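Notes for the one structure printed next.
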Amino acid sequence: MDENFLSLDDILMSQEKLTSRVETVFPRLGFLEKNSEETDISVGTKMEIPLWLVKGLHDGKRRIVSVELPKIYREGWRTVFSADPNVVDLQKLGPYYYSLGLQMLHFDSPENLEIAQTLLQTYVGRFRRIMDSSQNAYNEDVSALVEKLDVLERSLFGAGQAGLNGFQCWEKGHASRITASSLVKNYRKRKFADLEV
């Protein structure tokens with residue numbers, strides 16, 4: 001899944017820094033390394049590089065950098081997610097857990113299958129609780145409910161809240177009157193025009 005460059009969340013997610021190891025010499029770029037006095041960046045140097053740049057430097061033809069898996073996607077955290085995904089504070093660990101995890105699958109890691117399974121199991125495991133919370137929190141302060149959610153989960157919670165509010169308005173009779181769509185109205189106009197000819 002590629003980023004949508006018209007989405008603010010995807011732009012912010014692509015700024016997440018990944019620990020990377022340089023696989024080739026970067027001549028005259030030593031000034032980019034904070035603690036180095038060298039003029040070049042040598043092979044084996046570890047750097048924090050944003051995701052958008054890492055994807056450009058780590059392509060199929062040449063490996064300019066290699067990517068280290070972030071701790072939240074490693075085996076220890078995968079065990080925690082498989083035990084009970086609802087206890088994890090995804091906002092604290094990384095607000096773009098799902099979208100960054102999908103981007104990590106672009107890099108050829110031997111753990112990609114386990115990462116993908118963990119992402120899916122975590123989403124499925126947290127989905128029901130998120131939707132239950134969004135449907136049972138009518139006219140309440142929801143800040144405590146959403147503070148541990150990922151950005152994707154927050155949008156899911158918001159969609160559930162919007163659906164509940166729409167249903168409550170309809171049930172009370174405050175909903176707007178149902179009207180025909182503009183497509184149906186235009187179709188009828190064309191049909192009447194055909195009959196007049």
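Residues take their numbers from the sequence shown, with the count starting at 1. All figures in this text were calculated on a predicted structure; none of them were measured in a lab.
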ring-ring contact (aromatic ring centres under 6.0 Å, His included) against Phe31, all qualifying residues, sequence neighbours excluded: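 Phe31 satisfies ring-ring contact (aromatic ring centres under 6.0 Å, His included) with no other residue.
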
Residues forming a ring-ring contact (aromatic ring centres under 6.0 Å, His included) with Phe107, sequence neighbours excluded: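 Partners of Phe107 under the ring-ring contact (aromatic ring centres under 6.0 Å, His included) test: His58.
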
I'd like to check the side-chain hydrogen bond (donor to acceptor under 3.5 Å, both in side chains) partners of [X]; sequence neighbours left out, ordered by chain and number.
X	result
Ser66	Glu23
Arg129	none
Glu48	Thr19
Ser133	none

Point-to-point distance, once rounded to the nearest 0.5 Å, from [atom1] of [X] to [atom2] of [Y]:
X	Y	atom1	atom2	answer
Phe81	Leu90	CZ	CG	5.0 Å
Tyr96	Asp10	OH	CG	9.0 Å
Ile64	Thr24	CD1	OG1	7.0 Å
Thr118	Arg74	OG1	CZ	14.5 Å
Leu18	Leu69	CG	CG	9.5 Å
Leu51	Glu16	CG	CD	8.5 Å

Pair Tyr73-Leu105, side chain to side chain contact (heavy atoms under 4.5 Å, CB included): steps then yes or no: CA-CA 11 Å; Tyr73 303 107; Leu105 298 177; over 6 Å; no

Side chain to side chain, Leu156 and Tyr123, heavy atoms closer than 4.5 Å: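 Leu156 vs Tyr123: side chains touch.
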
Side chains of Ile41 and Met47 in contact at under 4.5 Å (non-hydrogen atoms): yes

Which pairs would a plain distance check flag for residues 145-152, meaning a side-chain donor or acceptor within less than 3.5 Å of a matching protein atom at least two apart in sequence or in another chain?
unit_1, atom_1, unit_2, atom_2, d
Asp150, OD1, Tyr97, N, 2.7
Asp150, OD2, Leu152, N, 2.8

Nearest heavy atoms of Gln15 and Pro50, plus distance in Å: O-CB, 4.0 Å

Minimum heavy-atom distance between Gly101 and Ile115, given as atom pair plus value: O-CG2, 4.4 Å

Same apolar cluster (I L V M F W Y, side chains within < 4.5 Å links), Val87/Trp77: yes

Cluster link Leu113 to Leu119, ILVMFWY, side chain under 4.5 Å: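 Unlinked, Leu113 and Leu119 end up in two clusters.
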
Partners meeting side-chain contact (heavy atoms from CB on, under 4.5 Å) with Ser134 (sequence neighbours left out): Met131, Phe157, Gln161

Any residue meeting side-chain contact (heavy atoms from CB on, under 4.5 Å) with Leu120, in chain and number order, not counting sequence neighbours: Val124

Hydrophobic cluster partners of Val25 (side-chain heavy atoms under 4.5 Å): Val43

Neighbour count >12 (heavy atoms, 6.0 Å) for atom CD, Glu75: no

Residue pairs passing the salt bridge (charged side-chain N to carboxylate O under 4.0 Å, His left out) test where at least one lies in residues 101-128, sequence neighbours excluded: Arg63-Asp108, Arg78-Glu111, Arg126-Glu153, Arg128-Asp132

Pairs touching residues 37-47 that satisfy side-chain hydrogen bond (donor to acceptor under 3.5 Å, both in side chains), sequence neighbours left out: Ser42-Thr45, Lys46-Glu68

